[in-house]
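Notes for the one structure printed next.
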Amino acid sequence: MSFIYEEYDVAVIGAGHAGCEAALAAARLSLKTIIFTVSMDSIAMMPCNPNIGGTSKGHLVREIDALGGEMGKNIDRTFIQSRMLNMSKGPAVHSLRAQADKKAYSDSMRKVLENTPNLTPRQAEIVDILVEDGKIKGVKTYSGSIYPCRAVIICTGTYLNARCIYGETVHKTGPNGLSAAVYLSDALRRLGIELFRFKTGTPARIDKRTIDFSKLIEQKGDEKIVPFSFTNKPEDLKREQVSCWLTYTTPETHEIIRENLHRSPLFSGEIKGTGTRYCPSIEDKVVKFADKDRHQVFIEPEGLYTNEMYISGMSSSLPEDVQVRMYRSVPGLENAHIVRNAYAIEYDCINPSQLKPTLEIRNIDGLFFAGQINGSSGYEEAAAQGIIAGINAAMKLLGREPVIIDRSQAYIGVLIDDLITKETKEPYRMMTSRSEYRLILRQDNADLRLTKIGYKVGLIDEDRYQAVLYKEKCIEEEIQRLKKTVIGANREAQELLISLGSSPLATASTLADLIRRPELSYEVLESIDPERKPLPEDVIEQININLKYEGYIERQQRQIEQFKKMENKRLPEDMDYNAISGLRLEARQKLQKFRPLSIGQASRISGVNPADISVLMVYLMQHNAKKTKETNTNGDLSGRENQDGE
Amino acid sequence: MKTDTIAAIATAMGRGGIGIIRISGDEAFNIIDRIYRPKSGKKQLSKKKSHTIHYGFIADGEEIIDEVMVSIMKAPNTYTREDVAEINCHGGITVTRKILELVLRNGARLAEPGEFTKRAFLNGRIDLSQAEAVCDIINAGNEIALKNSLKQLRGQELEIIKGLRDNLLRDTAYIEAAIDDPEHISLDGFSRELHEHVEKYCKIIERLITGSRSGKLIKEGIKTVILGKPNVGKSSLMNLLVREDRAIVTDIAGTTRDTLEETIVLENNITLKIIDTAGIRKTDDAVEKIGIEKAVRMAREADLVIYVLDSSTPIDENDESILSLIEDKKAILLLNKSDLEPRITMDDIRKKTNHPIISTSFTERKGVDELEKMIMEMFFQENITQSEEIFITSERHVEAFKNALEALNMVKESIEGGMPEDLYTIDLMNAYEELGRIIGENAGEDLINMIFAEFCMGK
């Protein structure tokens with residue numbers, strides 16, 4: 001029998017990485033929020049790899065932090081190893097990654113949820129979304145309780161109709177044996193939402209005591225710790241770090257796999273979901289890259305609380321007996337004891353092209369989606385969507401302007417725009433190559449890019465906002481000074497340059513020009529720059545980057561200006577593309593389906609060509625002019641300007 | 001530096017009379033100032049009153065290109081409602097093209113199909129009720145442009161461009177894969193390798209620029225080969241075409257000692273590069289064979305074959321083989337020596353070929369005018385828009401090639417300046433996209449797909 005339990009503003013379904021950020025954002029913006037989870041012990045669980053960050057994902061975490069999210073702070077509290085990847089390459093692709101203690105990560109996030117005002121955690125499975133006249137009315141639990149609410153954020157990850165598979169063995173559960181959500185998929189279909197079926201996988205966990213570490217190559221953490229959160233200082237995060245270990249598969253491993261391919265559920269057809277190309281199973285790798293005689297295997301601790309080790313690079317859905325032989329063929333793992341089997345997991349997700357950039361679904365007012373349910377993969381991708389969905393659900397209920405972060409502002413913008421604009425046919429993973437403005441979207445300047453937005457939204461406090469404004473000012477002023485300060489070809493300067501392996505000055509040069517030399521930097525010129533005032537390390541970092549890559553950065557800025565022009569040409573939501581005869585049929589169908597918000601977004605839809613965009617602009621112009629005439633106001637002919645961002 | 005000022009030729013080409021190059025946008029007058037030299041006085045055209053026309057010269061540095069009239073029309077009372085300058089020159093493909101090239105080099109970009117009209121519309125110049133008509137212009141123009149773009153690439157060129165793009169994508173994907181998965185893929189030593197690749201790509205693109213068919217057709221003239229057996233009158237034809245009253249533009253020695261090349265300018269500035277195959281004259285059997293082989297090769301490369309037959313001697317197997325050789329080419333047959341008693345008639349020949357035939361007598365200078373007229377028609381007059389499209393497409397190709405080249409030079413600069421690898425890919429992808437414009441392909445998800453296809457990524 002159903003009964004009304006209690007009324008909320010926002011109901012978040014799922015307490016994974018997306019759900020946590022969504023619920024925290026909504027609650028911190030003073031909305032009465034409830035978060036449902038199938039198990040209170042699985043909050044912010046990491047069912048796959050035991051780390052946060054990495055290439056482009058590290059960028060996402062820092063962006064979430066700059067907006068006022070929790071992921072960065074939480075991993076800073078619980079990491080057991082920290083590394084900055086890609087240090088030999090340009091600053092745009094430096095990427096922070098930390099190994100987490102999984103249990104500590106989960107417990108720490110649970111503590112934050114449980115102690116956030118306006119936020120109620122609740123263990124229950126949601127089986128239906130209540131909608132009236134296209135508007136959210138509430139949610140209903142398996143036990144029949146109804147929670148009336150005004151907005152719902154669905155963050156169910158990989159739990160919808162989940163099946164975990166290895167060999168012929170099928171468990172109808174979510175990750176780690178937690179119960180799957182078997183009713184919600186049908187509820188979504190009833191609401192007219194199109195679903196996809198995706199799959200992903202995870203490798204086995206092995207008992208640390210059964211690994212021969214003498215055969216492995218040790219990988220230590222960095223000595224210099226860079227925090228994920230801009231609120232933390234490196235010196236406050238010092239701690240003992242644990243190592244990861246490297247080994248390789250052998251021809252024997254590949255032979256075992258090849259001999260047993262016919263027993264893989266992927267090859268037998270048992271698995272029908274689409275997998276991600278980024279995280280191929282070891283059997284995929286062996287088949288696809290048949291010429292490689294070995295693949296790297298990283299062995300990573302799951303945490304300090306356990307002996308379980310994660311075997312990165314060897315996810316699999318082969319039968320248990322093959323798994324044992326396969327893992328034991330790897331040097332160092334000859335006597336390995338498997339604690340948990342590797343498995344593939346299949347699940348329902350929605351077709352994300354049904355979403356607006358706010359992550360609200362187009363056909364139901366107040367229904368938002370975030371995380372793996374939107375066809376993404378990865379903890380960080382999920383969290384990034386979570387905070388945006390949480391913010392926008394709040395903005396909607398508070399009657400404020402939505403927050404749309406575009407491709408020129410953040411990886412978060414690239415992620416969401418790709419999800420809703422490109423027809424993603426596999427789990428979407430963030431990559432730096434997906435960002436066309438990555439020289440600007442660096443992990444080191446996420447605070448300068450996004451703190452203001454977080455402040456405007458209300459998730460960043462005054463102190464943090466002022467600190468960013470001050471940092472901006474310091475950078476700007478110091479760069480101006482360096483561009484004006486001229487160094488003569490005097491003996492002191494020449495000696496310094498020669499000692500640094502740089503060519504001596506022919507004529508006088510500015511400090512800025514010296515810093516631009518690849519072998520020099522702001523720091524090493526101290527002795528010939530007496531006017532210099534002490535500056536914090538993060539300010540100096542920005543000065544170096546801005547000067548050294550100035551030409552490239554300026555070029556990207558110009559591209560961004562062009563991009564913004566197109567983004568600011570807004571398309572009316574009620575536009576009937578079928579009535580625009582000048583568009584080609586394919587373009588008409590695609591536009592009708594995706595309903596882009598701007599000319600810019602329209603131009604990124606595959607099947608819409610530049611001529612179609614010209615036609616759209618002509619029609620937009622006509623449409624706006626008519627509207628202006630009808631309402632008899634002095635509207636802007638070029639279209640409504642974008643109110644968000646900045 | 002690219003601005004958003006556009007330029008294009010506003011008149012149909014290939015005809016005599018006047019050619020107009022239209023420039024529209026903020027930079028229009030600055031561009032004009034850079035290339036216009038007044039007849040007298042020094043006042044820059046940008047300082048002149050709106051809606052005035054001025055007599056002077058267009059010059060590329062020191063070199064005067066043509067004597068022109070330039071109209072200056074200031075925004076907003078212009079077709080596009082932007083600043084507009086129009087250069088009225090003497091017409092003809094060579095001059096008009098040269099001036100447009102100069103304008104583009106000085107900061108304009110080539111207008112997209114229908115772009116002047118689109119701007120006129122977007123700037124409120126054209127009645128809103130005409131939106132549909134405007135869209136049609138844009139769409140039709142775009143389709144024709146793409147069709148022509150592909151049509152004008154020789155099969156080989158298309159393959160080269162595709163190959164180049166594939167290589168560019170592969171290099172980019174390698175770098176990107178290494179950036180996204182540094183623990184599996186290393187970039188050690190790759191900069192040096194890439195530098196070599198890029199130099200190779202640059203050379204290929206440079207060759208494409210100088211060798212593109214449409215560009216050549218206009219820049220170097222229509223490559224014409226005169227074929228025929230000995231003593232049919234080939235040299236007489238050459239002499240007739242290269243009249244004394246017609247300027248000989250260049251006199252290039254043949255690439256082999258037994259061919260002669262002449263470049264002549266026909267009416268309307270259309271140039272014809274004529275190659276006389278003098279070598280076929282040898283009588284010895286073995287050499288005759290070589291001569292025919294050579295004729296085969298030259299006929300294959302030619303834009304136009306003029307095949308001269310002696311109407312007073314019967315057709316033999318040599319004629320037959322040459323006729324079948326030129327079956328798919330643009331060719332004109334001349335039935336010469338019509339003043340002598342005929343052994344071949346027009347009807348005899350018509351049975352063997354679909355090419356047009358003209359009856360000539362070089363000694364009486366009969367049929368030469370008709371030949372010239374036919375050449376003009378074949379390449380230009382019969383379809384003015386086609387010649388215009390050849391021209392514009394050629395210009396578009398060259399622009400895209402040049403942009404690609406510029407991007408690749410940036411890559412080289414980045415490598416030489418010791419910049420990190422992730423900066424290279426921006427320009428590599430720019431080059432990739434520019435080349436894609438020529439064959440009508442967008443980058444889309446190409447890079448991501450290549451990364452996954454070629455590299456074993458991820459956990």
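Chain letters run A, B, ... following the sequence lines, proteins first, then strands; residues in each count from 1. Since the structure is predicted, the reported quantities are computational estimates derived from the model, not experimental observations.
For CG of B:D26, the number of neighbouring non-hydrogen atoms (other residues, nucleotides, ligands) closer than 6.0 Å is 12 at most. A 6.0 Å sphere centred on CZ of B:R105 holds more than 12 heavy atoms belonging to other residues, nucleotides or ligands. The environment of NZ in A:K220 is sparse: at most 12 heavy-atom neighbours from other residues, nucleotides or ligands sit within 6.0 Å.
Heavy atoms of A:R83 lying under 4.5 Å from chain B belong exclusively to its side chain. There is no contact between A:S606 and chain B, counting heavy-atom distances below 4.5 Å. A:E436 does not touch chain B: none of its heavy atoms, backbone or side chain, sits under 4.5 Å away. Interface remark: A:K548 contributes backbone atoms only to the contact with chain B (heavy atom separation under 4.5 Å). The part of B:M419 that comes within reach of chain A is its side chain, from C-beta onward, which places non-hydrogen atoms under 4.5 angstrom from that chain. Heavy-atom distances place the side chain of A:Q556, and not its backbone, under 4.5 Å from chain B. Contact annotation for A:K89: both backbone and side-chain heavy atoms come within less than 4.5 Å of a heavy atom of chain B. For A:R604, no part sits under 4.5 Å from any heavy atom of chain B, backbone or side chain.
Atom-to-atom distance recorded for A:M617:CE and B:K118:NZ is 5.0 Å, nearest 0.5 angstrom.
Side-chain contact check for B:I179 versus A:R438: some heavy-atom pair is nearer than 4.5 Å. Annotation: side chain of B:E112 is not in contact with side chain of A:S614 (no heavy-atom distance under 4.5 Å). No side-chain heavy atom of A:L246 sits under 4.5 Å from any side-chain heavy atom of B:E183. Under the 4.5 Å side-chain criterion, counting only non-hydrogen atoms from C-beta, B:M410 is not in contact with A:Y552. Two residues are said to be in side-chain contact when any heavy atoms from C-beta on lie closer than 4.5 Å; B:D181 and A:T55 fail this criterion.
Ranked by heavy-atom pairs shorter than 4.5 Å toward chain A, the options B:I175, B:D427, B:T425 are led by B:D427. Annotation: maximal heavy-atom pairing with chain B below 4.5 Å, among A:T432, A:I580, A:V297, occurs at A:T432.
Considering all non-hydrogen atoms of both residues, B:P420 and A:G90 come closest at CB-N, 3.1 Å. Taking all atoms of both residues into account, the shortest heavy-atom contact from A:S433 to B:L447 is CB-CD2, 4.0 Å.
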Residues A:R429, B:D180; criterion side-chain contact (heavy atoms from CB on, under 4.5 Å); working and verdict: CA-CA 11 Å; A:R429 190 228 189 236; B:D180 265 310; 4.0 Å; yes
